[in-house]
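One structure is given below, encoded as structure tokens.
Owing to the predicted nature of the structure, the values given are computational and were not obtained by experimental measurement.
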Amino acid sequence: MIRRRPPHSTRQTGQTLHHRLSIATPVDFDFWRTAYSHGWCDLPPFSFDSNLRTLSRVLTLNEHTAVNCRLAAGPRSVHVLVSASAKLSAADRRQIQEQLRSCLRLGEDFGAFYDKAREHPLYRWIPRSGAGRLLRSPTVFEDTLKMLCTTNCTWALTRIMVTRLVRRFGRSFGGELYAFPSAGSIADSTESFLRRECSTGYRAPYILEFACRVDRAELDPESWRTSPLPTEELFKVIRTVKGIGPYAAGNILKLLGRYDYLGLDSWVRSRYSELHHSGRRVKDSTIERTYARYGHWRGLFFWLEMTRDWHDDKFNF
DNA sequence: GCGTCCAGGTCTACC
DNA sequence: GGTAGACCTGGACGC
């Protein structure tokens with residue numbers, strides 16, 4: 001599944017070594033639709049270039065190593081240019097590939113989703129275009145913390161909070177770029193520092209408590225990805241994180257591969273009203289009733305429909 | 001440049 | 001179970 005170029009693919013410039021990797025992708029995968037599937041590509045340690053259609057990401061390989069990866073689409077593959085301060089071992093390469101495969105959701109089977117989409121004329125564009133995979137972070141800890149930073153604020157403030165958290169607590173790569181911080185590094189901080197230096201406001205105690213629970217192993221968000229719990233039960237577990245309400249928990253579930261919740265916020269409510277009711281606001285229960293027919297894929301159909309014009313503008317289909 | 005107002009989701013207290 | 005108010009910040013706006 002994972003392919004790698006031969007040894008000559010490593011070259012050195014200054015103190016940074018460059019390595020090339022290639023990751024094989026499923027036939028129904030579209031790189032740019034996945035990279036640009038929602039706002040995560042805009043939050044560090046992700047970044048993107050819409051002209052070149054590349055996605056970049058600083059990854060943590062172990063406690064002491066950060067590398068920068070630039071991803072671009074290749075034929076039935078994703079090409080990865082890895083910048084590192086040292087030569088990568090085979091284990092490092094495997095780790096990079098595993099993390100990126102998880103971010104791009106390459107191990108997940110969307111066949112049933114696409115079959116369902118083909119049943120509805122409104123959604124036939126989805127399997128044709130390879131949309132459906134939502135970009136996620138290497139860890140659930142990161143996804144959850146970022147989701148907390150999207151609550152009750154504008155996207156501009158979310159960017160500020162996440163950027164400052166990453167710069168204050170993340171491992172540096174090359175002096176300019178930073179990896180996402182570990183739970184331990186944030187747990188060692190204080191509420192006042194998070195408020196003052198990261199502009200997290202009233203979320204500071206929630207962020208600190210979440211990081212402390214994870215650091216002390218009282219909570220294991222990574223286990224949510226493989227949890228045997230029914231989605232409703234997992235939703236309740238996620239909601240035990242202070243500051244994570246229905247909107248945030250529903251969207252975290254989507255990044256875990258469970259699409260039973262719509263994850264309603266003001267933007268999607270307004271978007272739904274524009275698309276279906278000429279801008280007239282409707283109750284949440286009305287929206288939920290509309291999408292109930294799509295079963296446990298409803299959250300994904302809903303999100304793709306609400307954001308289809310992103311794709312129309314950029315992909316012209 | 002300064003002050004005021006607003007948007008945004010969750011928590012808590014109260015009914 | 002439902003509701004109101006507080007939380008906090010950056011940005012928009014008016015002066």
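Taking 4.0 Å as the cutoff to heavy atoms of chain A, we find the contact window on DNA chain C bounded by C:dC7 to C:dG10.
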Going 5' to 3' along nucleotides 9-15 of chain B, which nucleotides have protein heavy atoms under 4.0 Å from the base (write B), which only from the sugar-phosphate (write S), and which from neither (write -)? BSSS---
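In this structure, A:R57 satisfies the cation-pi test against A:F46, with its NZ or CZ atom closer than 6.0 Å to the six-membered ring centre and inside 45 degrees of the ring normal.
A distance of 6.0 Å or more separates the ring centres of A:F302 and A:Y261.
Contacts of A:F113 classified as ring-ring contact (aromatic ring centres under 6.0 Å, His included), with partners at least two apart in sequence or in another chain: A:W297, A:F301.
Of all the heavy atoms in A:R136 and A:W40, the pair that sits closest is CA-CD1, 4.0 Å. Shortest non-hydrogen contact noted between A:M161 and A:C153 is CE-SG, 3.5 Å. Counting all heavy atoms, side chain and backbone alike, A:K242 lies closest to A:L148 at O-CD1, 3.9 Å. Minimum interatomic distance between A:R171 and A:T65 (heavy atoms only, all atoms of both residues): CD-N, 3.9 Å.
Using a 4.0 Å cutoff on non-hydrogen atoms, the parts of residues 188-200 of chain A near DNA chain C are A:R195, A:S199, ordered by number.
Side chain to side chain, A:D42 and A:W155 meet the donor-acceptor criterion of an N or O pair below 3.5 Å.
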Name each donor-acceptor pair under 3.5 Å that joins a side chain in residues 176-184 of chain A to protein atoms two or more places apart or in another chain, with its distance.
unit_1: A:S182; atom_1: OG; unit_2: A:S185; atom_2: N; d: 3.1
unit_1: A:S182; atom_1: OG; unit_2: A:S185; atom_2: OG; d: 3.3

Should A:L194 and A:L165 be marked as a side chain to side chain contact (heavy atoms under 4.5 Å, CB included) after you check the CA-CA gap, both sets of side-chain angles, and the distance that decides it? CA-CA 8 Å; A:L194 290 170; A:L165 283 167; 3.7 Å; yes
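Residues A:E191 and A:R195 are paired through a salt bridge, judged by an N-O separation under 4.0 Å between the basic side chain and the carboxylate.
Side chain of A:K254 to backbone of A:L262: a donor-acceptor contact under 3.5 angstrom is found.
A rotation axis mapping the C1' atoms of four pairs onto the next four is fitted at both ends of the helix from B:dG1-C:dC15 to B:dC15-C:dG1 over five pairs, and the angle between these axes is 30° to 10 degrees.
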